[in-house]
Amino acid sequence: MKLWPTGGLWRHPDFVKLWSAETVSQFGTQFTQLALPLAAIDVLHASAFEVAALTTVEFLPFLLVSLPAGVWVDRLRRRPILVVGDLSRALLLASIPVAYAFDVLTIWQLYGVAFFFGVATVFFDVAYQSYLPALVDRQQLIDGNAKLEISRGAAQLGGPGLAGVVVNAFRAPAAIAVDAVSFLGSALFIFSIRKQERSQEPAEVSARRMRDELREGLRYVLTHPFLKNIAACTALFNFFGNLGFAVLIFFARRDLGLSPLAIGLALTLSNVGPLIAAFNAHRISSRFGVGRTIIAASIIGGPMFLLVPFAPHGKAALTFLVPAFVFGGFSNVIYNVTQVSLRQAITPQRIQGRMNSVMRFIVWGTIPLGALLGGVLATTIGVKETLIVGGLGSCLAFLPVLFSPVRGIQNMPEPVDEAAAVLGPLVSDAAPVPAEHLGT
């Protein structure tokens, strides 16, 4: 019997609530992405290395707690994890404007907030990507992920510009307060979802050791012919991309002389590309095939970063930054929607959390390493030169998926066999997998 609404995801009430939560949260997040480094630069007069260290500290939890987080996400109900994650991040961010109001804000508080914010984000993201397949049919995954990316794109289109206005008028901590409120709104939407989940029985949990469950998740990803290559591609892109991104706002503010308002405007205009991609991701992957879409998107993204370090000083820099971010963002969204949907489609529910946590450990674990190296390079060879290194490295990220079975995937696979998935990869000599998968 068909359990899902017949009118598409627009008429799926629980998905709409999840979508609304993402929309509210993503809009607020645009404020913090601009305001947090600007708080370090303009309020605390931080150096390039100190600003880059913020990214390192925020993403360090993806190296430290991603794997155990996946086990707990598979053991527990995912909706409460999402709500607690949102509320925790709201409280952490709210502490920054409060400290600023009492003139006690320090760079160490920013590092502390960034780290524990990252811990909450690890649990939220692993649970979030594992929760969508429990709400919608597998054949609706690309549509669902595309709609979630529409929210992200719309927020990125309007959020940075408004954030720049707020930072210009009230300074960076006030903009961070907006994001804190957005996380409260997200928690309320997720709390209102009605679909009940089944958590594992205590006997099921006690019968297995965490080490064994971690090993199962690692084996599933690292031996899967699609997932391991997608993980390698994304990890390379994230490492080199964040090597440059860690100093990007510092470069725009100090080297290019752009105001917070101009930086916000650049980010706003840049997000036309991701928004167009979100509306067309399903159509593109259906026409060209899942594998070809992943490979093409991973090729296009890298060269766009090389435009950034050659931008001229002043407002003319926007003529370089905006096109680079438009095309780079377009390719990234196409890649992400396709690969995330593929991962969700081929993975059984019982191991979704561990699959996502292992992928997060690999692909986001490279972010703090890249950001740390970016800070070191910026202080030794220069900020512009660091951006060039990041751009060159990003151009090589497509190689793992190009020389892999991913290129032969055409369509999204059928629902997987839960029992077979526990024993190993979903690909066997007897039953070739359709050409259609994703990975980020």
Side-chain angles (χ1 to χ4, degrees), residues 26-43 46 48 51-52 54-55 149-172 174-176 178-179 237 240-278 300-333 371 374 378 382-388 390-391 394:
Q26 282 296 326
F27 190 87
T29 296
Q30 305 312 309
F31 282 69
T32 294
Q33 286 183 348
L34 179 64
L36 189 62
L38 286 178
I41 295 169
D42 291 343
V43 177
V51 174
L54 275 174
T55 302
E149 284 292 342
I150 289 172
S151 294
R152 186 191 306 271
Q156 291 173 341
L157 190 62
L162 184 56
V165 172
V166 174
V167 172
N168 256 9
F170 303 105
R171 307 207 77 179
I176 294 174
V178 175
D179 195 13
F237 191 83
F240 286 105
N242 281 276
L243 185 151
F245 184 78
V247 295
L248 175 63
I249 293 182
F250 186 93
F251 176 72
R253 189 78 174 99
R254 295 284 176 84
D255 291 50
L256 300 183
L258 295 176
S259 68
L261 186 60
I263 297 173
L265 177 62
L267 295 175
T268 294
L269 296 176
S270 301
N271 286 294
V272 172
L275 189 59
I276 293 173
I300 295 171
M304 296 299 102
F305 278 92
L306 284 175
L307 284 177
V308 175
F310 299 102
H313 187 273
K315 293 182 180 179
L318 298 182
T319 61
F320 278 62
L321 299 183
V322 172
F325 295 156
V326 166
F327 289 102
F330 179 90
S331 64
N332 287 347
V333 168
V383 176
K384 178 178 179 179
E385 291 74 13
T386 300
L387 289 168
I388 293 174
S394 297

### Query
Nearest 0.5 Å, what's the CZ-CD1 distance between Phe330 and Ile276?
7.0 Å

Taking only residues two or more places apart in sequence, or in another chain, which ones meet [X] in a side-chain contact (heavy atoms from CB on, under 4.5 Å)?
| X | value |
| --- | --- |
| Ala378 | Ala48, Val247, Val383, Thr386 |
| Pro312 | Ala316, Phe320 |
| Phe237 | Phe305, Asn332, Ser394, Ala397 |
| Leu248 | Phe245, Val308, Phe325 |

Considering all heavy atoms of both residues, which atom of [X] and which atom of [Y] are nearest to each other, and what is their separation?
| X | Y | result |
| --- | --- | --- |
| Gly390 | Leu243 | N-CD2, 3.8 Å |
| Met304 | Pro323 | SD-O, 4.4 Å |
| Gly244 | Leu387 | O-CD2, 3.2 Å |

## Note on the structure
Sequence neighbours excluded, the answer for side chain to side chain donor-acceptor pair (under 3.5 Å) partners of Asn242 is none

### Query
Are Val51 and Ile249 close enough that some pair of their side-chain heavy atoms sits under 4.5 Å apart?
no

Side-chain polar contacts of residues 252-259 - donor-acceptor pairs under 3.5 angstrom, sequence neighbours left out - could you list them?
| unit_1 | atom_1 | unit_2 | atom_2 | d |
| --- | --- | --- | --- | --- |
| Arg253 | NE | Asp42 | OD2 | 3.4 |
| Arg253 | NH1 | Leu258 | O | 3.2 |
| Ser259 | OG | Leu261 | N | 3.4 |
| Ser259 | OG | Ala262 | N | 3.1 |

